[in-house]
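Handing you a structure now.
Below, all heavy atoms of this structure are taken into account, side chains as well, without hydrogens, waters or symmetry copies.
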Amino acid sequence: LAQALLPNGLSWPPKGVSRPLISPSSTLRMAPAPDHLLSFTARAALSGKLLATIKASASDSLSSLRQAIAFASGESGPIRTLQGQRVLAGSCTLAAAGLIDGSIIDVVRCGSHVLATASTDKIAKLWCADSGDCLLNLEGHTDQVMSVAFSPDGQLVATASTDRTAKIWCGDSGECLLTLVGHASPVYTAVFSPDGKRVATASHDRTLKMWNIVSGYCIMTLTGHGRQVHTAAFSPDGRTLVSCSDDCSARLWDTQTGKNERVLLGHSGAVYSAAFDPGGLRVVTASLDGTARIWNMITGDCELTLHGHTDWLRSAAFSPDGQMVVTTSGDCTAKLWNSMSGECMKTLTGHDDWLRVATFSPNATRVATASKDGTAKLWSVCTGECLLTLTGHKSWVRSVSFAPDGRLLAR
């Protein structure tokens, strides 16, 4: 591992930690020889404050360099490293990255809030939700990226695309680890199970599929919807999957047997979104009919209908404590609702086109929205104020997702 030279004489790695074997990597032109000891200066990107002086071999990896910088600067949260405008991501050797002796490395502190977006520009992006810096591009799909989601440990990212595939990515390096092939039509959603071992996908081909993310094999195919399936979401215990479709229904499935356990009927238009509350006892759905509905999972009855948007609804999601619901609409707004009374608490206004999806941050203090206007925005739940606008996609933003709180994407 790289050595961090600290003012108090401490070094990285700590005593007793062995140096890993690193596979040789081809070097770029003008890169230093693999056995040459390099010296780097790490500084805070925003303030320019000196964080540490790092010494490392050219054969050390970028990931070990980030570890050394985090250790030296006392950072416990995720960081991203840059040289000028170039993001130093992945785990190639320092030589292969073209780093030379005396290089200055800028460090972006991300806190624990990392956000992912997916766009019709065929790219998914990872962002620092505190600064708005783009940390990483996930590139590899050949058509629109329709959804993006983190694994429960925050280390993997799943995307779904109209190229008929879903992909699994390393959230640190941006490397595509797995491509899931099997749907006959565009894939609209890909989500991880709560144990992180499976991914469920929903497709225009009217089916859902369950995948083993180690082997990439399809475990089962769920059939029953009469038209395209928009969304899939696991219950908190992973035993049930909820899906929704243009056939105006949502369905509940046993994830072990694939049996369709219940059909939720009541919407008069296509159902675009369905999600469980944190307790797994309620489901919220959003529909083309302009309403969201909250359903009791024990009885299958609709307990509450949310009225207030002036156009169709595209998504609905519970807050982490289950007390609120956020909805998005073709009326270019998102709304926050009391999930028990159905009262509209706030309307989030600021996007220039219709909203595709919204989600709460893990601590429920912020909401992120994705819009056809090509931006994602972060909002204060308390005040309804827009805190940050993320620009960088070349087309409309289809999906947005927070990384699990406290998870480190850069190691």
Side-chain angles (χ1 to χ4, degrees), residues 1-112 114 125-139 155 170-175 392 408-411:
L1 292 177
Q3 290 185 327
L5 301 187
L6 307 177
N8 59 8
L10 295 176
S11 64
W12 179 265
K15 185 178 180 181
V17 177
S18 61
R19 184 187 185 94
L21 293 175
I22 301 176
S23 300
S25 176
S26 58
T27 60
L28 301 178
R29 187 179 179 186
M30 300 302 293
D35 58 351
H36 183 65
L37 201 62
L38 309 176
S39 180
F40 306 110
T41 298
R43 68 183 183 185
L46 298 181
S47 67
K49 177 184 177 182
L50 178 65
L51 299 177
T53 299
I54 310 295
K55 287 197 173 182
S57 166
S59 61
D60 283 330
S61 69
L62 284 175
S63 59
S64 67
L65 179 65
R66 288 193 296 273
Q67 288 179 339
I69 291 173
F71 176 80
S73 59
E75 288 291 351
S76 59
I79 64 170
R80 277 292 188 264
T81 49
L82 305 94
Q83 186 185 34
Q85 297 298 312
R86 184 166 63 101
V87 178
L88 300 174
S91 56
C92 69
T93 66
L94 305 186
L99 292 178
I100 62 173
D101 190 48
S103 293
I104 296 175
I105 298 173
D106 290 315
V107 179
V108 178
R109 178 182 180 274
C110 300
S112 60
V114 176
K125 292 177 179 284
L126 301 189
W127 309 78
C128 174
D130 299 318
S131 68
D133 292 315
C134 180
L135 307 175
L136 203 60
N137 287 337
L138 306 181
E139 300 184 62
Q155 300 306 307
C170 173
D172 182 22
S173 67
E175 177 187 3
L408 307 185
L409 288 182
R411 316 226 262 190

Margin query: Could you report the tightest heavy-atom contact between Leu37 and Ser57, atom names first, then the distance?
Written below: CD1-N, 3.9 Å

Note to self: What I'd like to find out is whether the side chain of Ser103 reaches to under 4.5 Å of the side chain of Gln83, using heavy atoms alone.
What the structure shows: yes

Checklist line | Partner residues of Thr81 under the side chain to side chain donor-acceptor pair (under 3.5 Å) criterion, sequence neighbours left out | finding: none

Check: Once you round to the nearest 0.5 Å, how far does CD of Gln67 lie from CD1 of Ile69?
Finding: 11.0 Å

Note to self: Nearest 0.5 angstrom please: Ser39 OG to Ile100 CD1, how far?
What the structure shows: 12.0 Å

Check: Nearest heavy-atom pair of Leu136 and Gly171: which atoms, and what distance?
Finding: CD2-O, 3.7 Å

Next item on the list: Decide yes or no for Cys128 and Val114: does some side-chain heavy atom of the first lie under 4.5 Å from some side-chain heavy atom of the second?
Entry: no

Next item on the list: Find out whether Leu50 and Thr41 are in side-chain contact, i.e. whether some heavy atom of one side chain is under 4.5 Å from a heavy atom of the other.
Entry: yes

Item checked: Straight-line distance of Asp101 CG to Leu94 CG, nearest 0.5 Å -> 11.5 Å

Next item on the list: Identify the heavy atoms of Lys125 and Asn137 that sit nearest to each other, and give their distance.
Entry: NZ-OD1, 2.9 Å

Checklist line | Stepwise side chain to side chain contact (heavy atoms under 4.5 Å, CB included) test for Leu65 and Ile105 | finding: CA-CA 10 Å; Leu65 179 65; Ile105 298 173; 3.6 Å; yes

Next item on the list: Please lay out, stage by stage, how Leu99 and Leu88 fare under the test side chain to side chain contact (heavy atoms under 4.5 Å, CB included).
Entry: CA-CA 10 Å; Leu99 292 178; Leu88 300 174; 4.2 Å; yes

Next item on the list: Could you tell me which non-hydrogen atom of Phe40 sits nearest to which non-hydrogen atom of Ala56, and how far apart they are?
Entry: CE1-CB, 4.3 Å

Note to self: I need the minimum non-hydrogen distance between Thr93 and Ala58, along with the two atoms involved.
What the structure shows: CB-O, 3.6 Å

Margin query: If you define the side chain from C-beta out and look only at heavy atoms, does anything of Cys134 sit under 4.5 Å from Leu126?
Written below: no

Next item on the list: Examine distances only and state if a side-chain atom of Arg43 and a backbone atom of Ala52 form a donor-acceptor pair shorter than 3.5 Å.
Entry: no

Margin query: Using 0.5 Å steps for rounding, measure from the OG atom of Ser59 to the CG atom of Leu38.
Written below: 9.5 Å

